[in-house]
Amino acid sequence: MQQATQTLELHPMKKIEIIVKGDQAQFVRDLMERTGISGYTMIRDVAGMGHHGFHEGRLLFNDTSSLVVYVAVAPEDTIGRILKGLRPMFEKHPGVMFVSDVAVSRLEYFQPVTA
Amino acid sequence: MAAQDLHRLQPAPAHAPAPTGPLAGAAGKATAALDRVLPRPAEADAGDPRQWRSEQETVAGWIDRLRGTRIGAEINRQAIKWCAAFLDEGQAAVAMPGRDAGLFAAWRRLAAYDGSVAGLGETVAALPASADACIVLILDGLGIVEADTEGYLRLHLAALPGWAGFIKWRSDNPGYDWQQRHPADLVDYLAIRLCLERALVADFAGGTLGCKPTLTAIGAKLAAGPAVAKPLSPPVAPAAARLHRLALHLRLAPATLAQATPDEVAALLALIDAWPEESHAPVWLEAAEESYRHDLAAALAPAAMKIARTTADEPKAAAQLVFCIDVRSEPFRRALESVGPYETYGFAGFFGIPIRFVPFAGEAAADLCPVLLQPRHDLTETPEPAALACARRHLAGVAAERSYKSLIASLKGNIAAPFAFVESVGALSGVAFAGRTVAPLGYGRSVAAFKERLQPKVPLSPILDLTPKQVPCGEDHGHDHDHDHDHGHEAEDLWGLTIAEQAFYAAAGAKIMGLSAPFAEFIVLCAHGSTSTNNPYAAALDCGACGGNHGGPNARVMAAIFNRPEVRALLAEQGVDIPASTLFLAAEHNTTTDEVTIFNVDRVPESHRPGLARLQRDLLDARRINAANRRKRLPEAGKAGGSDLHVAERSLDWAQVRPEWGLARNAAFVVGPRALTAQTDLEGRCFLHSYDWRMDEDAKSLEIILTAPMVVAQWINCQYYFSTVDNEHYGSGNKTTLNVTGKIGVMQGNASDLMAGLPWQSVMAAEDEPYHEPLRLMTVVMAPVARLATLIARNSILQRLFDNEWVALLVIDPETGRFLRYRRGRTWSDVTAGDGRQEDDALVPGVHSGSTVVQPTPTIPA
């Protein structure tokens, strides 16, 4: 018996992941909102190791001292604007960012919003 | 050496009196020889002073420097005017219109009508509507290259750090009510400043200089102008005069020095030059700090030895009380322990539960947690079911008070009404005025009594379990629904926490404090707050751990949580077995009057009434003892009346610029069991956090203590330090010339930067006599040193504080009995007393003293 399979309609998008210290979290959030991104996910209390040594994760009474990860999906030009804005920040502060290719099914959901 | 003495040292006069006698002759010969040999003082840096210094001044600053104009000051004045108008939160009688569009848009609309800056209207009309585009255009127009842009904008931001800081805070808190309605951010602020600069510079360039307002054109005109005299280098005292003063200091007869050879004289002068005046201050600071720290360590040593050696259980206490780590708790705890068998603990004043709290019949929510945290739960209190009628009367009374106040405000603010208003009710105001001034205590008490009749006290309990946010007792709460929801992106429509969360906070609190069996009949969670009248700095006297608020709600919530049988069952599973006979109470210590109010005493069961009565009596005794001690340190001591009346009066006196000393004289943060500090009079200078290293094998509790309460203590320490050493720039100046602006902050006079530090009266006892001793904080931890080493290695905030010497660290290792000081570079030096090692010259920079033989003293000299 052949099952009718619907082809997945996927649209290519770019995903950016940004890992910064708690002190820069506000700046990254501000920057992303200004570029008109439709949304982002924030993962707090992250631990990790980098050029500046190991960094502990969740501290019970202190939200500002651990690492934060932002994940966002947007069209390429929006991501490009974010990258431009982040580069001077990374010259002064520790952190990393990665851009990768993803695909989404609801294209209209991820379109940039005008401020 | 006490810090009070430091400021009395006079700087060396540039011209010393000429020496006479035999020294003059010898020195004259030496001078001639030396003048050939000694290096000339460095020339002022080369380069044409008429050039623009791109990293140090804006174009306006450059023109001011060379032509003596005041363009920079004018830009500041205009910026202050507009910021105060836009950021106003209800103080202005006539509010600035059009603020919904944002700071830059609202300013742009009105700037056209502002005649105080010539040409501003045309400048603004010619510029684009968006702040970003404006900035780019103006910088391009001036001719500022991209490399200089960041520095240029930084200079503009640094011109008024208070206002810029407030705008930044607003933009970092988009959920803040006023920010939602009237958005402001730093880009808008910079655009306004640059527009103002452009208009003023264009006016000057076109008018006085006769050129276009660009860097090159202005530079050409300024270069052609009168030359700027090079700043004169300070006159160098002739070598002979310096030798004369050296001889006086060393108590040498002038004849001795006269016989010195030129080489010896040269060596002496080189020695003086090797350590110039600028290097002296850090050493004096370190000397002052080390003398206090040395004495503190000596005072704690005997107790430390006893704890390390014995593990005896303490006798059962009548009650265990948990106070905030605030320095003002320590004297009260000592007083209470002296009147009865009480065990006291120190814990962060928010009791570990970060909440956004809406008081019953209150309008606005307050974040009751340190600013390091975002509040995680929304909480409020509701009336007990049996007291609904009382609650209704209370709400009616609150509504009546609100309408009365708004009526008065509108009458005062109305254009036509004030005259008639004053004529008709002025006499009543006169009575209030006389009462407040002549008899503040009596007047304050009668007003309080009247208020209590109008708004009867309602028995309340906090909503602990998850409950949807609706009006609980079916009445209008008087909530202004615009205000109390939607703060930040975490707005939930529920009050309360899950049982698991309640048990989590209870367990965390018990573990961090080291609260363990045997449990007393009462465990009192005692928050604190202060009361004062007519004091814009009231929040500076309240609980820092609660974000500058009273901690009472947190205490009530945690006490209620700890009293729940379900929570106690969950705690028992985790090994914290609180017997059913133990009752948790919530209280609040008023640090101005030293009154401790226990909440909800009427709900204490019969079985516990006798114990409660005894506790209340002892709290009253402790209050008298502590108020009497504090009165000795307050100015105007010796007023008529008993001591607790005097401190109560200070809290109600609207002319009192110093209701209490607050956290002045803070100097150390001690983490360890109470037994370590109980026998020592710490004079209210130490933050005390309870910690039992035996219950914390994995150092998790210690990590929590050092990365949060200690960080807050360091902020407080720095605020007092900088407000004392430079009150004009880092403090707020004199309280008597401060004005509250826009209900957001204070300014000196009628137009100045927003002042962010403490006022003069909070840190100084008298002219030239600081009350607060500016010392950097020292943290004392009683724990095995290996734990500290691990924590520092994995927390960058601790590295930043300890390695950069913002906070000193002394570890009392209970396993080895050694006292160890942390040194930059992750090393430790053993400073244990009684080792027999010689006292090194601890004042030589770079050399840290070893241990000393010292007699332990029970108190620390002032």
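To find a chain, count down the sequence lines: A is the first, B the second, and so on, and within it residues start at 1. Just so we're clear, the structure is a prediction, and the values are computed from it rather than from any experiment.
- Other residues, nucleotides and ligands place no more than 12 heavy atoms under 6.0 Å from the CD atom of B:E150.
- Heavy atoms closer than 4.5 Å to chain A are found nowhere in B:N173, neither backbone nor side chain.
- For the pair B:E703 and A:N62, the minimum side-chain heavy-atom distance is 4.5 Å or more.
- More than 12 non-hydrogen atoms from other residues, nucleotides or ligands lie less than 6.0 angstrom from CD of A:Q111.
- Within 6.0 Å of CD on A:E108 lie more than 12 heavy atoms contributed by other residues, nucleotides or ligands.
- More than 12 heavy atoms of other residues, nucleotides or ligands lie within 6.0 Å of CH2 in B:W169, so this atom counts as buried by the packing criterion.
- Salt bridge annotation for A:R29-B:D172: absent, with no cationic side-chain nitrogen under 4.0 angstrom from a carboxylate oxygen.
- By the 4.5 Å heavy-atom criterion applied to side chains, A:L60 and B:Y505 are not counted as neighbours.
- The part of B:I512 that comes within reach of chain A is its side chain, from C-beta onward, which places non-hydrogen atoms under 4.5 angstrom from that chain.
- Here the shortest heavy-atom pairing between A:F61 and B:A708 reads CB-CB, 3.3 Å.
- The minimum heavy-atom distance between B:S796 and A:K21, with the atom names listed, is OG-NZ, 3.5 Å.
- The distance from atom NZ of B:K168 to atom CD of A:Q26, rounded to the nearest 0.5 Å, is 7.5 Å.
- Proximity to chain A (any heavy atom under 4.5 Å) is shown, for B:Q799, by neither the backbone nor the side chain.
- The contact between B:L373 and chain A is made by backbone and side chain atoms together, counting heavy-atom distances below 4.5 Å.
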